[in-house]
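This structure is a prediction, so every number in the text was calculated from the model and none was measured. Every number for a ligand or one of its atoms is a count from 1 in the order of the listing.
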Amino acid sequence: MEKREHRWRALGCGAGAGLLLGFVDWFACGLAATPGSLALASLGLGLAGGCAAGALAAVLGRPALASGLVLAAGIALEGLSIASKELAGTGQLVAAAAVMLLAGLALLGLLRDDLGARWPGLAALATLPAAGWLAAFLTEAPLAGVAACAAPLAWIALARRARPAVLGAALLAPLAVLLVAQRAPASPAHRAPPPATATSAGPSVVLLVIDTLRADALDPAGALASFAREGVEFRQCVSAAPWTLPAVSSLLTGLWPSQHGAVTAATPLAEEITTLAELLHASGYATGAFTGGAFVGEAHRLDQGFEAFEAGCERRFANFPLRQPLVWRLAKNRHFPLRPLVRAVDESVGLAGVLSAARAWAEGETQRPKFLFLHTYQVHDYYLYDPDLDDAVLAAGPSASARFAGRLSVPPSELVTADQADLDHFRALYQGRVRAVEELFPSLVDALEPLVGADALWIVTADHGEGFDAASGRVHHGGRLHEDLLRVPLFLRMPGRLAPGQVVEPSVRSVDVLPTVLALLGLPVPSGLAGESLLPALSGERPYPATAFAEELAHGYGLFALRQAGWKWIRAPGHEELYRLDEDPAEKAPLSRPVPEELRAEARTFAERFPPRRTVEVELDDATLQQLHALGYVH
Ligand SMILES: [Zn+2]
């Protein structure tokens with residue numbers, strides 16, 4: 001009889017400890033901030049693990065063993081999450097080994113004194129994720145996480161000597177700290193522009209920027225190519241910069257990077273720069289932006305001129321940078337990926353999330369013409385596992401080497417040193433992402449067209465491309481100015497205003513988009529822009545712009561590129577490359593001949609006309625930094 005009682009007690013201890021672990025984890029992450037699905041996953045994992053531990057202890061007739069096993073597993077899980085991608089770097093293995101050691105000590109401590117069967121053992125469990133979260137909140141150092149995992153050991157030591165009242169107070173103290181700390185600093189607030197006085201009855205505008213979409217990545221028989229045939233397709237559109245912030249800033253301002261100054265992660269778009277959204281808002285447009293965030297967010301002031309600006313459209317868990325439940329950190333772990341769990345509770349909604357946010361806003365805006373800016377990282381993030389988008393590609397191959405196989409997220413800094421076979425694997429994932437965008441695109445047009453009108457101006461483009469060439473080290477984007485990064489798709493569609501089926505072969509620039517949009521809407525084009533309206537060239541009145549420039553001014557690169565009459569010249573401090581794009585479009589072999597004097601003269605004129613703008617560096621908030629880190633930008 002007594003033995004049977006012990007068995008039930010062991011099972012109860014295990015289940016109770018597991019549930020407590022799950023609940024405290026949920027609490028530590030912020031009850032309101034944790035999505036219901038993840039909270040349930042935390043509770044479910046805790047309960048399942050606790051029942052398993054309890055069942056084992058019941059067989060052995062050892063109630064203390066049940067909560068001891070749950071505690072040890074909890075510490076071990078916390079240790080594994082230390083080795084997650086967010087904390088990748090030195091000290092990982094040492095940290096994980098230290099945590100495993102702590103797990104063993106905790107287990108021994110509980111077994112020795114039979115504390116696990118009593119409430120101090122459960123209290124020890126409760127401190128574990130809470131302390132882990134606190135450590136994550138205060139610092140990203142792995143050792144802090146290890147120290148947090150030691151907290152339950154301190155509990156066990158305390159429980160041997162202290163009175164229950166002291167223990168209770170000690171338990172409440174960290175919970176009180178957690179409640180205060182939950183008021184985390186908010187991300188920079190969006191500043192909506194004052195109401196416009198002008199009114200316009202002009203057509204609506206939809207600008208879709210598919211981040212990191214190479215010009216040659218689209219399927220000629222796909223939905224985007226067929227959309228292009230309904231308007232004007234520019235076959236050679238050159239971006240002004242090779243990464244998101246300066247490139248999107250140039251697109252939204254019609255200025256070269258030198259002019260707008262948003263050229264490093266620490267230099268946002270200056271307040272006095274005028275954006276397309278500000279111009280359209282002043283002309284009576286309702287302006288709404290729905291983006292994947294990071295650089296395309298409030299922190300870098302790309303929200304200027306937008307009445308509505310939602311930067312978290314692609315993530316199911318908004319503003320969830322640090323307080324991620326243990327179960328989620330574990331699932332996304334770099335070394336022990338839990339694909340089934342990620343499949344069950346995935347965080348990415350991609351372009352579909354952008355669409356639903358945009359639709360919800362546009363449905364509420366019935367009076368004024370609309371400017372909708374849509375931006376997606378769905379293609380950009382091909383190295384961050386997304387089950388909906390990647391499972392089919394992963395099943396079909398080409399498979400990755402042991403170095404990358406099974407990884408849920410790969411920092412782009414590792415892609416740079418990958419061999420070509422692995423890059424082919426990532427290229428397949430990338431193309432899978434592009435296909436997913438192409439498949440979603442018709443439903444995006446179907447959903448938005450009734451809200452923006454059949455006469456709306458649609459612009460589909462990208463901010464920059466992506467490299468997959470291991471032999472020449474042209475991998476990922478940023479830090480160089482080759483064609484794989486600068487050539488982007490550009491389609492304009494405006495039924496009744498732009499004849500369908502036009503294909504433009506001469507070069508145009510992303511800085512030409514803003515003046516072309518204004519010209520199409522019949523609005524005045526401000527002076528001092530780098531770009532020019534493409535309408536006179538489209539009607540044959542004027543030639544297309546003769547010269548395209550691009551700049552990369554981050555991290556002291558000091559890169560400048562010039563594209564003119566088939567020439568491409570890339571200039572870096574102490575180094576230059578010259579190509580004939582008509583003979584060598586992939587820039588395989590730089591020419592050994594001297595750079596033509598007319599190109600040098602053009603570069604001198606550029607430097608005189610567009611001297612680098614004085615920029616002010618800002619400190620970014622933690623949430624923005626963490627998102628940039630996850631995208632591979634901030635190291
Ligand atoms: Zn980008």
Side-chain angles (χ1 to χ4, degrees), residues 207-218 237-253 256-257 260 262-265 267-269 289-303 311-315 348 350-351 354 373-384 386 411-413 415-416 426-427 429-431 433-434 436-437 459-468 474-490 509-511 513 550-555 557 559 620 624 627-635:
L207 168 62
L208 170 61
V209 175
I210 302 162
D211 205 294
T212 318
L213 180 64
R214 282 170 68 117
D216 62 0
L218 291 174
C237 180
V238 185
S239 181
W243 59 285
T244 310
L245 177 64
V248 175
S249 299
S250 283
L251 186 68
L252 294 179
T253 63
W256 301 119
H260 62 60
V263 293
T264 76
T267 54
L269 190 66
F290 306 91
T291 82
F295 286 119
V296 193
E298 290 101 329
H300 290 91
R301 298 299 287 121
L302 293 188
D303 61 335
C313 300
E314 301 206 274
R315 299 268 169 236
S348 176
L351 182 56
V354 173
F373 170 41
L374 314 178
H375 162 268
T376 175
Y377 283 119
Q378 188 161 310
V379 174
H380 179 291
D381 289 355
Y382 62 90
Y383 43 78
L384 306 177
D386 181 331
S413 53
L415 293 180
V416 174
F426 286 109
R427 180 78 193 255
L429 287 168
Y430 172 88
Q431 286 296 149
R433 299 294 186 97
V434 176
V437 169
I459 307 118
V460 179
T461 188
D463 51 348
H464 53 79
E466 183 76 344
F468 294 98
R474 293 181 192 169
V475 180
H476 194 46
H477 55 263
R480 55 193 183 84
L481 293 173
H482 298 105
E483 293 290 287
D484 54 348
L485 301 189
L486 296 185
R487 285 274 313 283
V488 289
L490 175 64
R509 299 90 47 95
S510 59
V511 290
V513 168
E551 295 176 283
E552 164 61 301
L553 303 172
H555 306 295
Y557 285 121
L559 289 168
L620 300 172
T624 306
Q627 202 188 357
L628 296 179
H629 185 104
L631 287 170
Y633 284 114
V634 180
H635 303 293

Check your understanding: Roughly, to 10 degrees, what angle do D211 atom OD1 and T244 atom OG1 form around the Zn ion (ligand 1)?
Key -> 120°
Review point. Taking side chain as C-beta onward, heavy atoms only, is R487 less than 4.5 Å from C237?
Key: no
Review point. Are any N, O or S atoms from H380 nearer to the Zn ion (ligand 1) than 2.8 Å?
Key: no
Exercise for review: Could you pull out the atom name of the N/O/S atom in D463 that is nearest the Zn ion (ligand 1)?
Suggested key: OD2
Review point. Would you find a donor on one side and an acceptor on the other, under 3.5 Å apart, between the side chain of D211 and the backbone of A462?
Key: no
**Study point:** Residue of the set T253, L252, D303 for which side chain to side chain contact (heavy atoms under 4.5 Å, CB included) holds with L269
**Key:** T253
Point to revise | R315 bridged to D381 by N-O distance under 4.0 Å | key: yes
